Structures are given as C-alpha cells and as structure tokens.
Amino acid sequence: MKRLTAIIFAMLSFANLPDVCGKELKVLYWNIQNGMWTGQEDNYCAFVGWVKAQKPDVCIWAEAETIYYTGTSERLPREDRYFIWDEVAPRYGHKYIYVGGHRDGYPQVITSRYPIENVERIVGDENFTVVHGAGWARIKVAGKTVNLVSLHTWPQKNHFNCKGAASEVIKASAARGEGDMYRAEEIKWICEHTILTDPQAEDNFWLMAGDFNAVSPRDNWVYGYPEGATQLLAHKYILENTPYVDVIWQRSQRNFYTTTFEKKRIDFVYCSPAMYDCVTHAEIVEDDYTEPQRHPEVRNFHNPSDHLPVIVQFNIK
C-alpha cells in the first residue's frame with residue numbers, strides 16, 4: 001500500500017515561506033474515525049465532496065491513519081497501515097500536508113492551502129508518553145504567523161501504564177480516575193512544549209484543536225460531576241494555566257453542543273485571545289452527512305465518524 005511521505009519544509013527558512021493572499025482563514029477540525037474508515041468503500045468521494053463544499057483553508061484531522069481492512073473491524077498489520085492524504089487532500093484543494101508526532105495508529109494530520117512549517121512533533125520522552133502524539137506547526141496568513149497545535153489524548157479510564165495488566169488492576173485504576181489524571185498530564189506536557197514557551201502568547205496567534213477525550217468544567221452544568229472530579233482535570237489545567245479561549249463555549253452563549261454520538265463535547269478548538277478576537281464564525285457541524293449513524297454490521301463503528309467536525313472562521317488582523 002502506498003504510504004504518505006510527510007511534506008516537511010525544514011530546509012526552508014520559515015520567514016521566506018510564501019504567504020497566500022487574503023486575511024480570511026477557515027479551519028476545519030474533525031476526528032474522522034480510523035482514517036475515515038467509511039470512505040474506503042467509495043474512494044473517499046463523499047468525504048472529499050463534503051470537505052470541498054466547506055472550502056476550508058486548513059484541516060486538522062484526528063485518527064488520520066488507515067488501520068482497518070475495508071468494511072471490517074479487522075486491523076491491518078502494522079506494516080500495511082497507511083495514510084490517504086497525498087491522494088485525497090489535493091482533491092479538496094490542499095497542497096500541503098503535515099503529520100504530527102505519533103507512536104501508534106492514531107496520529108493527527110494537518111492539510112492546508114498554506115505552506116506548513118514543522119516546529120515540533122511531540123511524543124513525550126523516555127519518562128513520559130504522549131500516547132497519540134501531538135504536533136506544533138506554523139503557517140503564515142496575511143503576514144501573520146499562526147501556530148497550530150494538534151492533539152488526541154489517551155482515551156481509556158485506566159492509567160496508560162496499566163496496558164497489559166490484569167483486569168482487576170485495570171478496573172481499580174479506572175475507579176481511581178487514573179485515566180483522567182493521565183490525560184491531564186498529557187495536556188500539561190503539550191502546553192508546556194507549545195503555547196507556554198511563548199511569553200507573548202496572548203498577543204500572538206495560537207490555535208489548539210483535537211479530541212481531548214475529556215469534558216470541560218464549563219459544561220459541567222450538563223454533566224453534574226462533583227467539584228474536583230477527575231473527569232474535569234484536563235480542561236481545568238488549560239483554563240487555569242494558559243491564555244487559551246474555548247471558542248465554541250465563548251460564542252455559544254453558554255449553550256451546550258455535543259461533538260460525539262454519546263452526546264458529550266470532547267472535541268475542542270482553543271485560541272489565544274489575539275486569535276479569538278479574529279473569529280467571525282464558529283460551529284459544530286451536524287448535517288445530513290456528518291451526523292453519526294451506527295454502522296449496521298460492524299460493531300462500534302459509525303458512518304461517517306463517531307465525532308462531529310468543528311469549523312472556525314477568522315479574519316486575520
């Protein structure tokens with residue numbers, strides 16, 4: 001199977017990268033469930049058609065590697081897993097492709113009509129694992145540098161280090177909320193290696209998007225978790241330790257909108273205050289194509305994904 005060769009511009013000076021004319025920037029984020037699993041059957045035509053109709057300038061995709069045989073829940077051998085983006089992205093108008101850091105089959109990919117610079121592919125170190133990895137990339141829009149951070153945190157209720165442990169150990173870890181605690185540590189690591197390295201972050205352009213596998217204290221009026229619940233730790237860290245603004249919450253007049261078939265909001269787009277000031281529109285998109293539908297034959301799979309996309313538009317000033 002054809003594999004994607006990541007397009008990296010490290011050999012170029014970022015200051016000399018070309019800037020696409022115009023100040024409008026439309027960002028589409030979506031967890032597309034196992035490399036857009038449902039798209040394997042129609043050569044991604046429905047997917048490409050929908051994306052093309054949105055006219056995004058930048059797409060951030062979570063679960064961006066194809067890891068299952070078509071129409072099944074049978075995993076491909078690791079050596080046969082592949083990326084679709086070098087063939088699919090040009091079909092919706094994106095020339096540039098960036099693969100974030102990853103250790104397993106759940107990486108994030110950024111595609112763009114703007115040239116992309118890699119700043120850091122984040123996987124942790126020998127002492128700490130960022131399980132699905134993260135990426136810090138940059139583009140230039142209207143003469144401004146825009147920092148893009150992609151992520152997808154640990155999804156389980158138990159601690160990451162319980163992998164392979166006995167079932168009673170896993171259950172005890174989950175009961176203690178150790179999966180939530182691990183997610184919060186991943187978020188801390190990612191923020192410390194991205195936005196918190198920038199002393200002028202509030203005034204610069206930062207966007208962080210991904211599947212956080214965690215709910216926000218801002219939505220706890222819906223969930224009703226007790227104060228101090230581990231489920232709220234990941235977003236509590238962001239809200240208390242970074243300048244990030246939760247775009248959907250800030251613009252929704254405090255209404256609640258789900259991003260998953262489970263009716264939870266676990267997919268977020270955060271922006272620095274300067275970038276948030278440029279937002280002209282933001283929405284979680286649930287339409288005839290994106291609404292998650294359980295697959296009639298393959299358990300735990302949905303058409304087209306088990307998540308909903310988020311679109312945010314900016315007028316870069």
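Here the structure is a predicted model, which is why all the values come from computation and not from measurement. Count residues from 1 along the sequence.
- When all heavy atoms of Val247 and Ala282 are compared, the closest pair comes out as CG1-CB, 3.6 Å.
- How far CD1 of Ile190 is from OG1 of Thr242: 12.0 Å, rounded to the nearest 0.5 Å.
- At distances below 3.5 Å, not a single donor-acceptor pair connects side-chain atoms of Arg121 with backbone N or O atoms of Ala134.
- Contact of the Cys271 side chain with the Phe314 side chain is registered, since non-hydrogen atoms from C-beta on lie closer than 4.5 Å.
- Taking the salt bridge (Lys or Arg N to Asp or Glu O under 4.0 Å) definition, one finds that Asp180 meets it with Arg183, sequence neighbours left out.
- The pair Arg91-Glu87 fails the salt-bridge criterion, with no side-chain N (NZ, NE, NH1 or NH2) lying under 4.0 Å from an Asp/Glu carboxylate O.
- With hydrophobic clusters built from ILVMFWY side chains whose heavy atoms lie under 4.5 angstrom apart, Leu232 does not share a cluster with Ile248.
- The hydrophobic cluster of Trp249 has no other members, since no ILVMFWY side-chain heavy atom comes under 4.5 Å of it.
- Smallest separation of non-hydrogen atoms from Ala64 and Ile32: CA-CD1, 4.5 Å.
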Side chain to side chain contact (heavy atoms under 4.5 Å, CB included) between Glu117 and Val119, intermediate numbers included: CA-CA 6 Å; Glu117 178 210 21; Val119 182; 4.0 Å; yes
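- Here Ile139 contributes atom CD1 and Ser112 contributes atom OG; the two are 5.0 Å apart, rounded to the nearest 0.5 Å.
- Within a 6.0 Å sphere centred on CZ of Arg176, other residues, nucleotides and ligands contribute more than 12 heavy atoms.
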Check against side chain to side chain contact (heavy atoms under 4.5 Å, CB included), Gln293 and Glu291: CA-CA 6 Å; Gln293 302 288 335; Glu291 181 184 4; 3.4 Å; yes
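- Here the side chains of Leu28 and Val51 are in contact, with some heavy-atom distance below 4.5 Å.
- Taking Ile, Leu, Val, Met, Phe, Trp and Tyr as members and joining any whose side-chain heavy atoms lie under 4.5 Å apart, directly or through other members, the hydrophobic cluster of Met181 also contains Leu233.
- In this structure, Asn241 contributes its side chain and Tyr237 its backbone to a donor-acceptor pair below 3.5 Å.
- Taken to the nearest 0.5 Å, the SG atom of Cys59 stands 10.5 Å off from the CD1 atom of Ile110.
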Full working for side-chain hydrogen bond (donor to acceptor under 3.5 Å, both in side chains) between Tyr92 and Thr111: CA-CA 10 Å; Tyr92 57 74; Thr111 69; 2.8 Å; yes
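- In this structure, Met275 is a member of the same hydrophobic cluster as Leu148, with clusters built from ILVMFWY side-chain heavy atoms closer than 4.5 Å.
- By the 4.0 Å N-to-carboxylate-O rule, Arg265 lies close enough to Asp219 to be salt-bridged with it.
- Of the possible polar contacts, one joining the His159 side chain to the Asn161 backbone as a donor-acceptor pair under 3.5 Å is found.
- Ring geometry, Phe47 versus Trp30: the interplanar angle falls from 30° to 60°, so the pair is classed tilted.
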Gln231 and Tyr223: CA distance, side-chain angles, deciding distance, side chain to side chain contact (heavy atoms under 4.5 Å, CB included) verdict: CA-CA 10 Å; Gln231 290 89 340; Tyr223 305 117; over 6 Å; no
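- Put simply, the side chain of Thr129 never gets that close to the backbone of Val131: no donor and acceptor are under 3.5 Å apart.
- The environment of NZ in Lys26 is crowded: more than 12 heavy-atom neighbours from other residues, nucleotides or ligands sit within 6.0 Å.
- Note that OH of Tyr182 is 5.0 Å distant from CZ of Phe160, once rounded to the nearest 0.5 Å.
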Candidate pair His295 and Glu297, rule side-chain hydrogen bond (donor to acceptor under 3.5 Å, both in side chains), full reasoning: CA-CA 6 Å; His295 194 280; Glu297 298 173 1; 5.3 Å; no
Working for side-chain hydrogen bond (donor to acceptor under 3.5 Å, both in side chains), residues Gln108 and Ser150: CA-CA 7 Å; Gln108 307 98 54; Ser150 66; 3.0 Å; yes
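- By the 4.5 Å heavy-atom criterion applied to side chains, Pro155 and His132 are counted as neighbours.
- Of all the heavy atoms in Leu308 and Thr290, the pair that sits closest is CD2-O, 3.4 Å.
- The other residues sharing a hydrophobic cluster with Trp37 are Ile67, Tyr68, Tyr106, Val298, Phe301, where clustering joins ILVMFWY side chains under 4.5 Å apart.
- Listed by chain and number, the residues in a side-chain hydrogen bond (donor to acceptor under 3.5 Å, both in side chains) with Ser73 amount to none (sequence neighbours excluded).
- Side-chain contact between Trp61 and Ile84: absent, with no pair of heavy atoms (C-beta onward) separated by less than 4.5 Å.
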Trace of the side chain to side chain contact (heavy atoms under 4.5 Å, CB included) decision for Thr194 with Ile122: CA-CA 9 Å; Thr194 55; Ile122 299 167; 3.6 Å; yes
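- Across all their heavy atoms, Pro292 and Ser305 have their closest contact at CB-O, 3.3 Å.
- The aromatic rings of Trp206 and Trp136 lie tilted to each other, with the angle between the two planes from 30° to 60°.
- Under the 4.5 Å side-chain criterion, counting only non-hydrogen atoms from C-beta, Arg294 is in contact with Phe261.
- Val279 is not connected to Leu239 by any chain of hydrophobic side-chain contacts under 4.5 Å among Ile, Leu, Val, Met, Phe, Trp and Tyr, and they are in different clusters.
- Aromatic rings of Trp154 and Phe128 (six-membered ring for Trp) have centroids beyond the 6.0 Å cut-off, not under it.
- To the nearest 0.5 Å, atom CD of residue Glu192 and atom OG1 of residue Thr197 are 10.5 Å apart.
- Results of the side chain to side chain contact (heavy atoms under 4.5 Å, CB included) test with Leu207 over Ile60, Val58, Asn147 single out Ile60 as the only residue that passes.
- No continuous path of ILVMFWY side-chain contacts below 4.5 Å connects Tyr114 to Val149, so the two sit in separate hydrophobic clusters.
- A single hydrophobic cluster is not seen to contain both Phe268 and Val310; linkage of ILVMFWY side chains at heavy-atom distances under 4.5 Å, directly or through other members, places them apart.
- Closest approach of Gln33 to Asn300, counting heavy atoms only: OE1-O, 4.1 Å.
- Using a 4.5 Å heavy-atom threshold, the side chains of His102 and Val123 count as separate.
- Two residues are said to be in side-chain contact when any heavy atoms from C-beta on lie closer than 4.5 Å; Asn315 and Glu24 meet this criterion.
- The minimum heavy-atom distance between Thr145 and Phe205, with the atom names listed, is O-CB, 3.4 Å.
- Between the side chains of Asn118 and Tyr98, at least one donor N or O lies within less than 3.5 Å of an accepting N or O.
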From CA spacing to verdict: side-chain hydrogen bond (donor to acceptor under 3.5 Å, both in side chains), Asn255, Ser252: CA-CA 5 Å; Asn255 293 322; Ser252 68; 5.8 Å; no
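- Rounding to the nearest 0.5 Å gives a distance of 3.5 Å between CD of Glu283 and NE2 of His281.
- Taking the side chain as every heavy atom from C-beta outward, Val88 and Phe83 never approach each other to under 4.5 Å.
- Here side-chain hydrogen bond (donor to acceptor under 3.5 Å, both in side chains) pairs that include residues 267-280, with residues two or more places apart or in two chains, are Tyr29-Asp267, His235-Tyr270, Thr259-Asp267, Asp267-His307.
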